[in-house]
Structure formats: C-alpha cells, structure tokens
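To start, the structure under review is shown below, and the notes come after it.
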Amino acid sequence: MKCKFFLLDIGEDYTQVLPTVRIWGIDDSSDRIAIVAQQIKPYFFVVPKDQDDLASSALDQIRKALPNALDITTQTKKLLGQQVQALKVTCSSSTQMVESGRITRKMNIGEVFEDDIRLPVKYMMDFHLAPCAWQECDVSPFKIHNVQADATYQADSEIRASRQEKQTKLRMLAFSLLVVGQKGSARAIKDPIRAVAVATDGGKSKSIAAEKDDRELIKWFVQEVKSNDPDVIVGFNSNRLAWPYFMERSKQNQIKLTLGRDSSEPHTSLYGHTSIAGRANLDLADFATGITELKVKSLERLASYFKVGRGVQAESIDDLQSSALWSEESGRIRLKHNNEAQSKVSLELGKLTLTYASQLSTITGLPLDQVMSAAVGFRVDSYLIRRANSLGELIPSQKEQPFYPYRGAIVFEPKPGIHESVVVLDFASMYPNLMRKYNLSPDTLIRQGEDYKIDQIFVIPEVNHKFRKSPDGLYRLALSDLIEERAVIKRELAKPSIADSRFRELTEREKAVKVVTNACYGYAGWLGARWYAREVAESATALGRDTITRTVTKAKEVGLHVIYGDTDSIFVENDEDKVNKLLAWVNETLELEIRPERQYSRILFTEAMKRYAGLLQDGSLDVVGLEVVRGDWSEIAKQVQEEVLVSVLRDRSTEEAVKKVILTVRKLREGRVPILDLTIRKSLAKSVQEYSVRTPHVEVAKKLIKEGWELGAGDQVAYVIIKGPGKLYQKAESFTGVTAKQVDVDYYIQNQIKPAAMRILGGLGVSEKQLDA
DNA sequence: AAGGGCGCACTTTTGA
DNA sequence: TCAAAAGTGCGC
C-alpha cells in the first residue's frame, strides 16, 4: 500500500539484524507511524593515491584487509570538482563500516571518505529526503518490537520526497521541573525532584509535587507523556538541566524513564542534546542563544521578547533564590506555582517557534530534534553535505587544521559630534553575494602550481587568491539556491491572496534561509568546517574591503559627506539626489545592491568606532555598542547614559543631561538605588580554575562554588562592589545578601556612572567636574 | 559527543 | 607609574 507521511524523526534501528533505518512520521490521516527501511547498505569511499592502477593494487589490498566487506566496486566521483576514480566499499553493518573505515585509513593507500556519515544521514541525502517535510513510499504492515504507534510498517520501495499535502499539526507537551538544593545547587544524586508541571495542547496544565520522595512524581510524568503521546516535548534549559536530572533521579529510584515511542529511555545525543525515540525534544534555551538581542537568556526574558505569557507571570528564579524560598511555606507555594507557569509559557513559546524550527530542519536536513541545538557551523555543514552529494561530490571529513588568522572587514573612523539627517546605506548580503559573484569556493580555488589562463579566472585584490570563473563552485551553487529561494519567498509573500498559515510558514522559512545564507562566510573560515577554505573567507573580506572603500570614494566624488562606515554600510548625509547617484553607480559598476536602511534625524558619534546613538524617524532612540546596550554594566550606569542621550539628542540640552547625572548621583548617595540596579553581570568563559587573572566575577564565582553552587563555563555571575580595602576583586560580592549600606557608592559614581555619562558628554564640552556639583 | 569569522572599546590586573 | 596582557561583550 501507498503511504504518505510527514517525516518527524529518523534514526538507526540497532534491534534489527540488517542495517535498518527507522523513521517516525505522521501520515495523511494524522496517524502516528513508524517505518523501517532495510534496503540499505552502509558504505564508504576510498580514493587511492595511485589513480592509474586502481583495479590491481588498491582494490586487492583493500579486499585482503577487509575480507568481510560485502562489495567493493569502482565508481567515478568528484573531489573538489575534479573527477576521480573511487572505490566504494559496502559493508554489512554500520559498526563494520566504521571499523573498516578505520582500517583503511591506517593502510595509507589513499583518502577515505564518508565513513563518518551515519546511516540515517546517508539515507536522507541519497534519497533526497528532508525532515519536517512530506514523503511517500509503498509499505506493508510490519511489527516493530516495543513500538507503540497507530501503525508500523516496513518500506517496500524507496522513500521519495512528496508534495506537501497539508499542514501537519504536531502534538506538543511542555514541562518544567522544580529542583531545590539544601545547600547550594540541587544535586540529582541526593536532592529529589520537588515538582513537575506539564502543559499540553488544550491549554491544560497539571502539576504534581512531592516533599521528600519523587518516585510517584517520575511515574506520573512518564504516564503523562504516554497518555498525551506528544510529537514534540518542550522545555527551557531541558538539555542541560531537566533531562540529566530526570535520568539520574530515575536511576536513583530504579524507575524506567520509558518516554520514547518505543518505550526506550532518553539518551544524550549529538550536539549535547537529549534524544527521545519518536519525539522531537526542543529546548527553548537553544532559541534564546540564537537571539542576539536577548542579553539575559532566561525563560522570562524569552517570553517577554516573544510577548507571550503576560498573564501567567513565570519568573526566572535562580538557584540562590529558590533555595531561600524553599525554606518557607509561602515560598514553596510560590515556587510550585511558578513551575506551573513556566510550563505554560514554555508551551506557548514552543508553539510560536515550532514553525521556524521545522523550516530550518527542512532546509538544513538536520532532524527537528537536533536542528536547534546544533551550532550554525553544523547547520551549514549539513546543508552543504546534501548539496555536494547531489553533485556527486565526495564528502570530506573534518580535519585537524592549523590556525592562520586572516584580515577581516574595514571600519572607518567616525566624524565625532552630532550630525543632522543621516541615512545608512547597507549592502544587501554582502559576503554571500561576493562569494557568489566571484565564485569563491574550495573547488574553484587555484592552488599553488596549478595552471590557469588569466582571462578565465578572478584575481582577488590585495590577497591575490585566484578562482576559476567556471564551472560553478559548491559555494556558488549553494548560495545561488539560497539567495534565489529567498527572492521567490519574498515575491510570494507580497501576493495579497496568500493564506494566513502559508504566510506564517513562508515568513519563518525566509528567516531560516537567511540564517543559513549569512552563515556561509563564517563557515568557510571555520576550522571545523568540512569545506574549510581560509582563502575563500579571506577573499570574501578582501573583496568586501575593496567594495566599501570604492563606495566611500565614489560617495565623496558625488559630494556626499561620509560620516562613518563599518564592513558593509556607510553613513551619509541624507541628500536624495546624491544618494540616488551613488546607488545607481553601485548597481551598475559593482553589480551589487546597496539599500538605504535606517534614517537618523540626529546621530551622535564619539571618536570610537562601533559606538553611536541616534534618533530614528519615529523618534525612538537607537543605541549601538554603547554601555546602554551592554550586559556587563550596572543598570544604574546604563540608565544614566540613556537619559543623557535623550537629553542631548531629543531635548538638545547638555545642561539637562548634566542635571540628570547629578540627580542620579544624589539618589545613589542617599541609598535610594535598589541593589538590583547596582549588580554587574559577567559570564564565565571557562571554568574558574582556568583563569590566570583574578577578576571580580571569577572571585565571586569561586566563593559561590565553595558554598555549594554549581557554576561553570557559560554561566553568568551577578555581583556588587562593596566598601572595603584592596583590589576590586576583593570587594566584589554576590548580589544576594548585600545591603544598601555596604555598597561602595564611590566606585559606582567614579567607575560606572561617570564613565558612562562622560562617554557622551565628553565630546560636548562637559567636564567631569561639572558632574560633581 | 559542540558552540562560524574578524575588528574594536573598554576595564582591571599584572609585572617590570 | 605605565604599558602589556587578560578578559568581556559588543558590531557587522
């Protein structure tokens, strides 16, 4: 029988004798199904060094070394665009393939390819299957051990991509875990789970709490997952916190955490995320890390960023606070309520972000389960693997590479002071377009000793790298697809007849395409990239420098004042005729698109690059790079700076600005500033032992760790500077428990408020003394 | 089981 | 006292 289904997840099925891929899907009557596909054989390639003597020498050697190989054949493949004769070694199992690949590498008779690509990935790339998209194939009923689904099948034909029939509604379950340490952070080894909250599609939310024993609570959660049978499970920080905690607690209690659709337990998988068979596990914290505007990556902030959960009031309560709250009855109630609220907010956020995640999954080819926890580099990697494979290219493995830095972009010195009526001209996707235009790619790069005809190559200015004009390189092909798809989406979005659901889907798809497009340059220069090519990244920045400098020169030529520029943008006076002249020139001569973006009615620059503030057309204040937008300054300093900027730009009054500063200083001296506004947050870039310098945030972290709190790389430390002798790092204390009296007011005036205010006022003729009045 | 690139400003510590 | 180094977080 025919089966059409939406591909939810895919994995290798190790319970079968033959190499088997198990696919989880939802068919066109909304049945949850599992399909096993067994007509597949793991394989890898060897490209012998001696290309002329394939059959006799290399083939024989491999045959001898791998007596268990099912088949060894020669096949023509491409390696960086060049045709090569490769030996395809087919194996009887994935483990045998990995082992055979290892043996072959050791033989040193040639380069080995694709032994590092897992069976499900190979399966998807060879048959052009995309996750979160529709597929079809012939199936027949087939019992799969332990799998509970509406139907289980085996595939009787190849699975093919199919036209999307309709939107698939995924069942979602959100959960939140409450854990509290007795002293310090909660430890799964001894501290039981205090409460679990679950929220499901109908808006229902339930929770269960336990004071001492958490056995019932874990069982309850397993039951909830079973009865709701979600396709997607959502949590916040679940990969780092909830799942490991659940797993350890169930081990302690000797309860099986049978959450998978095959009754298996969660297990840690690729990219540090937790995998649950047949369901997609989404961690909202992964969304938060991708949103650069979000300074504090908490559920609370994420919710307010997406404007959800307004009535629900889910607070982000950290370890220290919850420990304190837990000691009192009222605090316990608050924590439990909050836990429930968090599950509700998580559900809302999950629904809101699912479309984007699905689109990114389809585009990159990474299963929904992994796509959000995979770093940008791996998303591009996955995208290129599929693109390259369709071209018959061999997929290189990740290699150890020496690190050579290369020059990046140009930043122009700003003209300090306040400017009226300024427009920002931005190149549209500059690096991707340059990479495409000049065919920058590892497979078009002319390497040392290679022949070329000068009229058939691009020579990159400054760095002198050379690229063939034809044929199209991998990056050009990939970027062309992406850039064109984006244009198509934009055209469709502009149609008035478009349906709401389609509009939403395309909007999210456009975002996802953009993310992959813009990551390609960084990917080319990333040591971990399969298609790492420093020359490509270096050429992109060299062309970028050339482009922007020529644009600045031309701008001056047409009589435009250039106030500032950074990488792919220039700030010029808003003179329509002159600007249009420049735009036309860029279009015709550089064959790139430059667009007028933001307009500032007034904008202020200091002498520093990458730092400015201006009033946009709607009157709002736009601050770039300055303390206001930095997460590592106290709120009080940031507020003062913002007030100063408003006074100076909107009210055109430095006197007003000075008054504001003086007022704040007074407030601080009188102890009327809340401690929270005095906390300074800094991240730990590594574990505390690894630091060679004693800094305030590291010293505070060390103290907290001694008290039993868990703090490591990536965690933020919030501290306050208190009165006392010695170095700054000796005067830093964790913000909890510090009273207004202890605060080192002078530090905040001299090292926070004044610098932040003077950064702006210094260039406007105000002296530091004036702030003391 | 991992976490694209380089350019820049700025604070604090370090060590001569 | 001062420059260099370490460290963080930003812009694009």
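Here the structure is a predicted model, which is why all the values come from computation and not from measurement. The chains referred to below are lettered A, B, ... by the order of the sequence lines, with proteins before strands, and numbering in each begins at 1.
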query = Which heavy atom in A/Ile753 sits nearest to a heavy atom in A/Ala637, and how many Å separate them?
reply = N-CB, 4.2 Å
message = Looking at every heavy atom in both A/Ser634 and A/Asp677, which two are closest together, and how far apart are they?
response = CB-O, 3.6 Å
d([atom1], [X]; [atom2], [N]) in whole Å:
X: A/Lys610; N: B/dC10; atom1: NZ; atom2: C1'; value: 15 Å
X: A/Arg240; N: B/dA1; atom1: CZ; atom2: P; value: 16 Å
X: A/Gln398; N: B/dG4; atom1: CD; atom2: P; value: 11 Å
X: A/Glu538; N: B/dG7; atom1: CD; atom2: C1'; value: 15 Å
X: A/Tyr431; N: B/dC6; atom1: OH; atom2: C1'; value: 8 Å
X: A/Lys638; N: B/dT11; atom1: NZ; atom2: C1'; value: 16 Å
X: A/Tyr523; N: B/dA2; atom1: OH; atom2: P; value: 16 Å
X: A/Gln401; N: B/dG5; atom1: CD; atom2: P; value: 13 Å

Across the strands shown, which category fits [X] at heavy-atom distances under 4.0 angstrom: base, sugar-phosphate, nothing?
X: A/Tyr612; value: sugar-phosphate
X: A/Trp531; value: nothing
X: A/Arg530; value: nothing
X: A/Ala685; value: sugar-phosphate
X: A/Thr289; value: nothing
X: A/Gly522; value: base

query = Going by number, which of residues 361-371 of chain A have a non-hydrogen atom under 4.0 Å from DNA chain C?
reply = none
Nucleic acid contacts - residues 687-705 of chain A versus DNA chain C, non-hydrogen atoms under 4.0 Å = A/Tyr691, A/Ser692, A/Val693, A/His697
query = Between which nucleotides of DNA chain C, read 5' to 3', does contact with chain A run, using atoms under 4.0 Å from its heavy atoms?
reply = C/dA6 to C/dC12
Considering only [options], which nucleotide approaches the side chain of [X] most closely?
X: A/Arg759; options: B/dG5, B/dT12, B/dC10; result: B/dC10
X: A/Arg611; options: B/dC10, B/dG5, B/dT14; result: B/dC10
X: A/Met609; options: B/dC8, B/dA1, B/dT11; result: B/dC8
X: A/Arg407; options: B/dG7, B/dG5, B/dC10; result: B/dG7

task = Nearest 0.5 Å please: distance from the CD1 atom of A/Ile570 over to the CD1 atom of A/Ile594.
result = 5.0 Å
Is the number of heavy atoms from other residues, nucleotides or ligands under 6.0 Å of [X] [atom1] greater than 12?
X: A/Glu413; atom1: CD; value: no
X: A/Glu607; atom1: CD; value: no
X: A/Lys514; atom1: NZ; value: no
X: A/Arg598; atom1: CZ; value: yes
X: A/Lys723; atom1: NZ; value: yes

B/dT12 phosphate, OP1 or OP2, under 4.0 Å from A/Asn751 side-chain N/O = yes
query = Does A/Tyr747 make a side-chain N or O approach to OP1 or OP2 of B/dT12 shorter than 4.0 Å?
reply = yes
Do [X] and [Y] get their side chains close enough for a donor-acceptor pair, meaning under 3.5 Å?
X: A/His465; Y: A/Glu538; answer: yes
X: A/Ser687; Y: A/Glu690; answer: yes
X: A/Asn751; Y: A/Asp746; answer: no

query = Between A/Arg681 and A/Asp632, is there a salt bridge with N-O shorter than 4.0 Å?
reply = no
task = Using the closest heavy atom to pick a nucleotide of DNA chain B for each, name whichever of A/Ala519 or A/Ala409 lands nearer the 5' end.
result = A/Ala519
query = Using the benzene-type ring in the case of Trp, are the ring centres of A/Phe412 and A/Tyr564 under 6.0 Å apart?
reply = no
